[in-house]
Protein chains: 2
Amino acid sequence: MYVTALQLEEGTRKIYTHLMESDLPQSIRPLDTATMEAVGASSCPLSTGPVDPRVERLVNELIGRVADKWTMLILEVLEEHGELRFTRIGKLVEGISQKMLTQTLRQMERDGLLIRTVHPVIPPRVEYRLTDLGNSLSAAFCGVWMWAAANLDRIEAAREVFDTGRR
Amino acid sequence: MYVTALQLEEGTRKIYTHLMESDLPQSIRPLDTATMEAVGASSCPLSTGPVDPRVERLVNELIGRVADKWTMLILEVLEEHGELRFTRIGKLVEGISQKMLTQTLRQMERDGLLIRTVHPVIPPRVEYRLTDLGNSLSAAFCGVWMWAAANLDRIEAAREVFDTGRR
DNA sequence: CGGTATCCAAGTCGATACTG
DNA sequence: CAGTATCGACTTGGATACCG
């Protein structure tokens, strides 16, 4: 059995993942069913059978988008730096073309992940900052990020075994 | 401040997410720094400042490879049903073409997410089942599913506002 | 049954040029 | 400064036909 506890604080975020329950101090234990209901927590859709097709569609859409590296990287720099201007984001997100920067920022704005503020001055000044929704998405993906970082070696090893067996 | 506790059990999985700390019972609190070190927990790379660009590149590649819609859907049906044959997966994952099924299964096998077992009989019988790595990935994505389910309405509302303002 | 191989349509993305 | 417009290379994925 595994227990994961995720702590979010203003500005920082920590995740404790894939620890054996026996490795944890007594003070950290899974919620029992009654507590779970009391605080309005819900089960993971992945393991409770059929999922609302709307949710499934959205998740797939979302994954398709965040899987694209630009959204993730923009989310990351905005989460780290707070409010940023167009060109600054372009410099911080290395390798992004102007087209993709514009396109990705628009999509993220449309989805309510960030706020775009246009200051009516010359030269134009446009600032971007994450909404609460954007910050919470970044938090939700934390687990995936951790998984990827933690299992990088295992995956590369698996690939090597696979490729060797093929040759 | 938000606290999330994730519990994983054999066969089922539950996630408690985005609860205000004040809504939680006293028994559930974030780990303190000492405990964190003691159990070898690590911080989320997203919030600990600059990440090694090589690691970042690899992680992005991993997420991009692992997070396309077919991988997620196959992961889901295998997690729910256990061991499955090729054609059965094709039926359970609605809309997938044979090409993409083959391609995705191969990639997942290469990455060590699933085991492919060929039974040398006629007609051929090939079975697929998730590895521990595959199961843990499905667990890691739990938070994203929860986020999408919880924020579906907010995103659709944001889109409507955005699109209306554009017209 | 469980695949490969091939073709083709649609989409993605970078580069470049231009604008208020 | 912060975009828009356009073009062309490249990638993706479905459909179809065939194979051990």
Side-chain angles (χ1 to χ4, degrees), chain A residues 57 60-75 77-78 81 83-111 114-129 162-163 165-167, chain B residues 57 60-75 77-78 81 83-111 114-129 162-163 165-167:
Chain A
R57 209 171 355 98
N60 286 331
E61 219 184 287
L62 177 81
I63 286 172
R65 172 114 34 81
V66 179
D68 122 78
K69 61 181 176 182
W70 299 134
T71 301
M72 269 217 355
L73 294 175
I74 291 174
L75 207 63
V77 302
L78 281 176
H81 292 84
E83 196 163 38
L84 289 174
R85 296 179 65 177
F86 183 85
T87 306
R88 188 81 204 289
I89 300 176
K91 280 173 190 163
L92 288 171
V93 178
E94 212 162 334
I96 193 169
S97 68
Q98 200 183 41
K99 174 185 173 178
M100 290 316 294
L101 182 55
T102 302
Q103 205 174 97
T104 310
L105 285 172
R106 282 291 178 284
Q107 257 180 1
M108 292 174 74
E109 185 194 3
R110 177 168 185 263
D111 289 341
L114 54 78
I115 300 281
R116 178 172 175 268
T117 311
V118 183
H119 297 91
V121 295
I122 295 171
R125 177 184 180 84
V126 182
E127 299 204 300
Y128 296 88
R129 69 167 206 281
F162 184 86
D163 294 345
R166 297 245 128 181
R167 272 200 305 269
Chain B
R57 199 181 51 74
N60 283 332
E61 185 213 317
L62 263 185
I63 289 177
R65 178 147 311 184
V66 121
D68 76 299
K69 81 175 179 185
W70 296 133
T71 302
M72 289 313 297
L73 294 175
I74 291 173
L75 207 62
V77 303
L78 280 177
H81 292 84
E83 196 163 37
L84 289 174
R85 297 179 64 176
F86 183 85
T87 307
R88 187 81 203 288
I89 301 177
K91 281 173 189 162
L92 288 171
V93 177
E94 214 162 330
I96 193 170
S97 67
Q98 199 184 41
K99 174 184 174 179
M100 290 317 293
L101 182 54
T102 301
Q103 203 174 100
T104 310
L105 284 172
R106 281 293 177 284
Q107 258 180 5
M108 292 174 74
E109 185 194 3
R110 178 168 184 261
D111 289 340
L114 54 78
I115 301 281
R116 177 171 176 269
T117 312
V118 183
H119 301 277
V121 295
I122 295 170
R125 177 185 180 85
V126 182
E127 299 205 300
Y128 297 88
R129 68 167 208 279
F162 185 87
D163 294 345
R166 297 247 127 182
R167 271 201 305 269

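A, B, ... follow the sequence lines: proteins, then strands. Residue 1 opens every chain.
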What pairs with A:R129 under side chain to side chain donor-acceptor pair (under 3.5 Å), at least two apart in sequence or on another chain? none

Distance col, row A:T87:OG1 vs A:Q98:CD, nearest 0.5 angstrom, shows 8.0 Å

Can you tell me how far the CH2 atom of A:W70 sits from the CE atom of A:M100, to the nearest 0.5 Å? 8.0 Å

Just to be sure I understand the rule, does B:R88 reach a base, reach only the sugar-phosphate, or reach nothing, if contact means heavy atoms closer than 4.0 Å? nothing

In short, the helix from C:dC1-D:dG20 to C:dG20-D:dC1 is bent end to end, axes from five pairs each side, to 10°, by 40°

Rounded to whole angstroms, how far apart are CG on B:D68 and C1' on C:dG11? 16 Å

Of all residues at least two apart in sequence or in a different chain, which pass the salt bridge (charged side-chain N to carboxylate O under 4.0 Å, His left out) check with A:E61? A:R65, B:R159

In whole angstroms, how far is the P atom of C:dG2 from the CZ atom of B:F86? 7 Å

Value for CG (A:L101) from CD1 (A:I96), rounded to nearest 0.5 Å, stands at 4.5 Å

Numerically ordered, the residues 115-126 of chain A set in heavy-atom contact under 4.0 Å with DNA chain C is A:P124

The reported gap from CG in A:L92 to CG in A:L78 (rounded to nearest 0.5 angstrom) is 9.0 Å

Specify the closest pair of heavy atoms between B:R106 and A:F162, including all atoms of both residues, with the distance to one decimal. O-CZ, 4.2 Å

Are any of B:Y128's side-chain N or O atoms less than 4.0 Å away from OP1 or OP2 of C:dG3? yes

Could you give the distance from NE2 (B:H119) to OG1 (B:T117), rounded to the nearest 0.5 Å? 5.5 Å

Nucleic acid contacts of residues 92-102 of chain A, taken as heavy-atom distances under 4.0 Å to DNA chain D: A:Q98, A:T102

Give a yes/no on whether any side-chain N or O of A:R85 is located under 4.0 angstrom from OP1 or OP2 of D:dA2. yes

State whether B:R106 places a side-chain N or O below 4.0 Å from either non-bridging phosphate oxygen (OP1 or OP2) of C:dG2. no

So, taking the atom named NZ in A:K69 and the one named OG1 in A:T104, what distance separates them when rounded to the nearest 0.5 Å? 11.0 Å

Could you state the CD-P distance from A:Q103 to D:dT4, rounded to the nearest angstrom? 10 Å

Identify the heavy atoms of A:F86 and A:L105 that sit nearest to each other, and give their distance. CD1-CD1, 3.9 Å

Any residue meeting side chain to side chain donor-acceptor pair (under 3.5 Å) with A:R85, in chain and number order, not counting sequence neighbours: none

